[in-house]
Amino acid sequence: MALIKVHDKTFETYLPEELIQQRVKELAEKINADYKGRRPYFVAILNGSFMFASDLFKHLTVDADICFIKLASYKGTQSTGNVLTTIGLDEDLFGKDVIIVEDIVDTGKTLHHFLPRLMHQQPKSLQIATLLHKPEATEYPLTLGYTGFEIPNKFVVGYGLDYDGLGRNLKEIYQLV
Ligand code: 5GP
């Protein structure tokens, strides 16, 4: 079991590279079968999903579009609480078969707030593809169409996921010791 240090914390190998690659390929094959004859429109949420989205996309054989968006929270001038704003979603999703690509679903709060915005545009269908899901941590119910791995409620880094900016370049996924 390899141990690594990211900033001040120690992590151990949790999902090796081959296992991640194998699972990503399986998810892509399932999408290829499910979307045969259609043209899915992938909406990948930055920053964490860039590596997963890229590897998933390489295994697609159906025609597909992809765009990358960023969700940012800001304090509204009038309202209390955080408002979620979307950067980079300039296409109209009306009538499209949309697949959201996430790195990890933790509490589910991010997608819970984001989904109504997408639904507002009346896509033909909407699915979520997430590499990781922490079922124990999920507070907001979501239907996840494509899940890579269900993992325990422990902090992970690697394969696009960071700890305070570092660790995204790692090919494996590591878990906090
Ligand atoms: P949620 O809104 O589902 O609680 O959180 C989703 C976001 O929280 C993810 O897109 C990710 O940025 C961050 N996150 C949740 N759990 C982890 C984790 O274990 N490691 C890392 N690096 N980020 C996480």
Side-chain angles (χ1 to χ4, degrees), residues 1-17 19-21 23-24 27-28 31 41-57 66-76 79-89 93 98-120 126-177:
M1 188 69 65
L3 291 178
I4 59 157
K5 227 164 159 144
V6 182
H7 292 298
D8 55 326
K9 299 214 187 306
T10 306
F11 292 83
E12 62 184 5
T13 319
Y14 178 58
L15 299 172
E17 183 184 3
L19 191 62
I20 297 170
Q21 291 302 328
R23 187 68 185 132
V24 171
L27 292 183
I31 291 170
Y41 189 95
F42 288 79
V43 177
I45 303 179
L46 292 171
N47 291 328
S49 77
F50 76 96
M51 219 176 261
F52 172 45
S54 164
D55 284 341
L56 187 73
F57 211 69
I66 189 164
C67 78
F68 290 82
I69 65 157
K70 195 147 188 167
L71 302 177
S73 298
Y74 66 92
K75 287 270 183 199
S79 65
T80 53
N82 286 336
V83 182
L84 205 61
T85 175
T86 318
I87 302 163
L89 189 67
L93 301 178
V98 175
I99 303 177
I100 298 171
V101 183
E102 254 290 28
D103 51 354
I104 183 164
V105 172
D106 184 25
T107 64
K109 192 176 175 187
T110 308
L111 288 183
H112 179 81
H113 284 102
F114 179 53
L115 287 185
R117 288 185 175 232
L118 291 189
M119 289 311 288
H120 193 68
L126 186 62
Q127 283 288 358
I128 299 165
T130 185
L131 179 69
L132 305 173
H133 178 214
K134 291 180 178 170
E136 296 158 20
T138 305
E139 294 166 27
Y140 299 80
L142 288 170
T143 305
L144 303 173
Y146 305 92
T147 303
F149 302 92
E150 291 198 341
I151 65 168
N153 192 11
K154 285 191 182 171
F155 191 79
V156 289
V157 291
Y159 194 68
L161 291 123
D162 75 312
Y163 165 47
D164 201 11
L166 294 182
R168 294 192 198 275
N169 54 312
L170 299 163
K171 295 185 181 75
E172 313 80 13
I173 289 175
Y174 293 79
Q175 196 174 58
L176 188 63
V177 175

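For ligands, and for the atoms within them, numbers begin at 1 and follow the listed sequence. Along the sequence shown, the residues carry numbers beginning at 1. All values below were derived from every heavy atom in this structure, side-chain atoms included, with hydrogens, water molecules and symmetry-related copies excluded.
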Quiz prompt | Name of the residue among Ile20, Ile104, Val24, Leu161 meeting side-chain contact (heavy atoms from CB on, under 4.5 Å) with Phe52 | solution = Val24
Is the backbone N or O of [Y] less than 3.5 Å from a side-chain atom of [X], with the two atoms forming a donor-acceptor pair by type?
X      : Y      : answer
Thr13  : Ala2   : yes
Thr130 : Leu132 : yes
His120 : Pro116 : no

Self-check item: Heavy atom of protein closer than 4.0 angstrom to atom 1 (P) of ligand 1
Solution: yes
Exercise. Drop me the distance from Glu139's CD to Thr107's OG1, to the nearest 0.5 angstrom.
Key: 5.5 Å
Quiz item: Looking only at heavy atoms, is any part of Val157 under 4.0 Å from ligand 1, and if so is it the side chain, the backbone, or both, or is it neither?
Solution: neither
Quiz item: Of the backbone atoms (N, CA, C, O) and the side-chain heavy atoms from C-beta on, which set of Glu102 has a member under 4.0 Å from an atom of ligand 1: side chain, backbone, both, or neither?
Solution: side chain
Students should be able to answer this: which protein heavy-atom is nearest to [atom], and at what distance?
atom                    : answer
atom 10 (O) of ligand 1 : Asp103 OD1, 3.0 Å
atom 4 (O) of ligand 1  : Thr107 OG1, 2.4 Å
atom 22 (N) of ligand 1 : Asp162 O, 2.7 Å
atom 19 (O) of ligand 1 : Lys134 NZ, 2.7 Å
atom 14 (N) of ligand 1 : Ile104 CG2, 3.7 Å
atom 23 (N) of ligand 1 : Leu161 CD2, 3.8 Å

Exercise. Describe, in one word, how the ring planes of Phe57 and Phe42 are oriented to each other, choosing from parallel (under 30°), tilted (30 to 60°) and perpendicular (over 60°).
Key: perpendicular
Exercise. Could you check whether the rings of His7 and Tyr163 sit parallel, tilted or perpendicular, using 30° and 60° as the cut-offs?
Key: perpendicular
Self-check item: Enumerated ligand 1 atoms positioned under 4.0 Å from heavy atoms of Thr110
Solution: 1 (P), 2 (O), 5 (O), 6 (C)
Quiz item: Would Phe149 and Val156 count as a side-chain contact (heavy atoms from CB on, under 4.5 Å) if you check the C-alpha gap in whole Å, the side-chain angles of each, and the deciding distance to 0.1 Å?
Solution: CA-CA 12 Å; Phe149 302 92; Val156 289; over 6 Å; no
Look only at interatomic distance and state if [X] has a nitrogen or oxygen under 3.5 Å from any nitrogen or oxygen of ligand 1.
X      : value
Gly108 : yes
Asp106 : yes
Val156 : yes

Quiz item: In terms of side-chain heavy atoms, does Tyr174 have a donor or acceptor partner in Glu172 at a distance below 3.5 Å?
Solution: yes
Exercise. Return yes when Phe155 approaches ligand 1 closer than 4.0 angstrom through a heavy atom, no otherwise.
Key: yes
